[in-house]
Asks: 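This is the structure I want to talk about, given as structure tokens.
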Amino acid sequence: QKKISDILEKSAPKPGVPADLQNLLSQHFGENRSVIEIEELKLSDSCFLPANDLTHSFSSYLKEICPKWAKLRKNHKEKKSVVMLVICSSALRSLELIKSMTAFKGDCRVLKLFAKHIKIKEQINMLEKGVFHIGIGTPGRVKALVEQDGLCLNSTKYMILDWNWRDQKLRRMMDIPEIKKETIDLLEMCIIKLCREGSVKLGLF
């Protein structure tokens, strides 16, 4: 039996597109949801930002999808919330992305939203006390923060999934069962509704 890494090594990586996420949701929910319920999880193309065509650095991608960032950043005064949420597969990858967005973020405040070495209580306290512009972390911890009312998504405008990046085993975040499930849970819990209402746009980096 071929391992996923064998297949991936032979095939050139194709950048993720909105249809990939749609198909993933349909497959995930297809077996135990009614047609109407699945219909409610569908996102129109207008819910998506341009996807990364694999030529971008993280900063250049963010600049392209969010040209008015300076203004958004200035106007954001709310505690317990972020303007942009970035979801990736691990704490280590979160730190990499934070480093690689330096050119984009300017002096805005970035909050690490993963579980490794950081207690959820600390993150809730930080969100309550300060204004943060960008949150970067893993789907499980972000979901837990939303559930515990530590993170409010009302002022979130952008949600970026670290879709194309591969780890040492060449797995993308959606190839890792636990991360995939937590990401889909988070999307279903609140993000899809916000996208459908037009307040959040999804980007696949």
Side-chain angles (χ1 to χ4, degrees), residues 21 24-25 28-29 41 58 62 66 69 72-73 75-102 104-169 171-197 199-205:
L21 181 59
L24 196 79
L25 292 171
H28 184 80
F29 293 118
L41 297 169
F58 196 42
L62 295 177
C66 190
W69 177 249
L72 278 172
R73 190 183 85 202
N75 294 340
H76 178 61
K77 307 268 192 296
E78 283 172 62
K79 292 175 177 169
K80 284 178 70 171
S81 70
V82 292
V83 184
M84 181 182 287
L85 195 53
V86 182
I87 303 292
C88 55
S89 55
S90 68
L92 213 59
R93 178 62 179 159
S94 302
L95 297 174
E96 267 176 35
L97 285 172
I98 291 169
K99 274 200 196 100
S100 64
M101 70 194 300
T102 312
F104 168 78
K105 70 181 173 64
D107 57 2
C108 77
R109 299 183 71 195
V110 178
L111 188 59
K112 300 175 187 121
L113 300 175
F114 47 74
K116 203 172 197 170
H117 311 317
I118 308 177
K119 293 192 173 75
I120 195 161
K121 281 271 187 291
E122 285 171 37
Q123 287 163 335
I124 290 172
N125 286 340
M126 287 174 86
L127 282 158
E128 273 172 1
K129 292 194 176 97
V131 174
F132 289 90
H133 304 89
I134 301 173
I136 297 194
T138 50
R141 176 52 63 96
V142 171
K143 191 174 131 236
L145 283 162
V146 173
E147 282 169 341
Q148 295 184 31
D149 203 28
L151 178 64
C152 166
L153 298 176
N154 291 351
S155 45
T156 302
K157 304 260 181 289
Y158 300 93
M159 175 159 165
I160 312 298
L161 297 176
D162 184 28
W163 189 271
N164 296 304
W165 182 77
R166 299 180 184 281
D167 66 10
Q168 284 159 322
K169 296 179 182 165
R171 298 173 306 176
R172 295 169 312 170
M173 64 185 278
M174 292 305 194
D175 297 324
I176 303 165
E178 183 189 339
I179 299 293
K180 173 177 149 181
K181 183 184 182 312
E182 286 172 340
T183 304
I184 290 174
D185 288 348
L186 177 65
L187 286 167
E188 189 192 14
M189 191 166 94
C190 46
I191 304 290
I192 288 175
K193 183 173 174 287
L194 293 169
C195 290
R196 287 176 69 114
E197 288 165 1
S199 60
V200 172
K201 296 258 189 225
L202 274 175
L204 305 181
F205 174 64

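For reference, positions follow the sequence shown, starting with 1.
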Asks: Quick check: do Val200 and Leu85 have side-chain heavy atoms less than 4.5 Å from each other?
Replies: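 Side chain of Val200 against side chain of Leu85, heavy atoms only: no contact under 4.5 Å found.
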Asks: If you round to the nearest 0.5 Å, how far is OG1 of Thr183 from CE of Met159?
Replies: 7.0 Å
Asks: Can you tell me how far CD1 of Ile192 sits from CG of Leu25, rounded to the nearest 0.5 angstrom?
Replies: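 The CD1 atom of Ile192 is 5.0 Å from CG of Leu25, to the nearest 0.5 Å.
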Asks: Between CG of Leu97 and CD1 of Ile134, what distance do you get to the nearest 0.5 Å?
Replies: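 Spacing of CG (Leu97) from CD1 (Ile134) equals 11.0 Å.
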Asks: So does Lys112 get a backbone contact from the side chain of Gln123, meaning a donor-acceptor N/O pair under 3.5 Å?
Replies: yes
Asks: Search all heavy atoms of Ala91 against all heavy atoms of Lys116 and return the closest pair with its distance.
Replies: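 For Ala91 versus Lys116, the nearest heavy atoms are CB-CB, 3.7 Å.
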Asks: Holding to ring-ring contact (aromatic ring centres under 6.0 Å, His included), I want the full list of residues that pass it with Trp69, two or more places apart in sequence or in another chain.
Replies: Phe104
Asks: Looking at His133 and Met84, would you say the former's side chain and the latter's main chain have a donor-acceptor pair under 3.5 Å?
Replies: no
Asks: Taking atom NZ of Lys105 as the centre, does the number of heavy atoms from other residues, nucleotides or ligands within less than 6.0 Å exceed 12?
Replies: yes
Asks: Could you tell me the separation between the CG atom of Asp175 and the NZ atom of Lys180, rounded to the nearest 0.5 Å?
Replies: 8.5 Å
Asks: Examine distances only and state if a side-chain atom of Ser199 and a backbone atom of Leu194 form a donor-acceptor pair shorter than 3.5 Å.
Replies: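 A pair under 3.5 Å: yes.
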Asks: Would you name the heavy atoms of Ser89 and Met173 that are closest together and state the gap between them?
Replies: CB-CB, 3.8 Å
Asks: Measure from the side-chain N and O atoms of Lys80 to the backbone N and O of Asp149, and report whether any donor-acceptor pair falls under 3.5 Å.
Replies: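 Side chain of Lys80 to backbone of Asp149, a donor-acceptor pair under 3.5 Å: yes, one is there.
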Asks: State, with a plain yes or no, whether a side-chain heavy atom of Arg141 is found less than 4.5 Å away from one of Leu145.
Replies: yes
Asks: What are the two closest non-hydrogen atoms of His76 and Ser81, and how far apart are they?
Replies: CE1-OG, 3.1 Å
Asks: To the nearest 0.5 Å, tell me how far Ile87 CD1 sits from Leu202 CG.
Replies: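 Answer rounded to 0.5 Å: 10.0 Å.
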Asks: Could you pull out the closest heavy-atom pair between Cys190 and Val146, with the gap in Å?
Replies: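 Of all heavy-atom pairs spanning Cys190 and Val146, the closest is SG-CG1, 4.2 Å.
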Asks: Among Asp162, Thr138, Asp167, exactly one meets side chain to side chain donor-acceptor pair (under 3.5 Å) together with Arg93. Which residue is that?
Replies: Asp162
Asks: So which atom in Arg172 and which in Arg166 form the shortest heavy-atom distance, rounded to 0.1 Å?
Replies: CG-NH1, 3.5 Å
Asks: Under the side-chain contact (heavy atoms from CB on, under 4.5 Å) test against Val86, which residue among Leu62, Leu161, Ile136 passes?
Replies: Ile136
Asks: With a cut-off of 6.0 Å (strictly less than), are more than 12 heavy atoms of other residues, nucleotides or ligands near NZ of Lys119?
Replies: no
Asks: Determine, for Lys181 against Glu178, whether the closest basic-nitrogen to carboxylate-oxygen distance falls under 4.0 angstrom.
Replies: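 No salt bridge links Lys181 with Glu178.
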Asks: Measure from the side-chain N and O atoms of Ser155 to the backbone N and O of Val83, and report whether any donor-acceptor pair falls under 3.5 Å.
Replies: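 Answer holds: no.
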Asks: How would you list all residue pairs meeting ring pair (Phe, Tyr, Trp, His ring centres under 6.0 Å) that involve residues 136-165, not counting sequence neighbours?
Replies: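 For residues 136-165, and leaving out neighbouring residues, there are no ring pair (Phe, Tyr, Trp, His ring centres under 6.0 Å) pairs at all.
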Asks: So how far is it from Ile191 CD1 to Ile184 CD1, rounded to the nearest 0.5 Å?
Replies: 13.5 Å
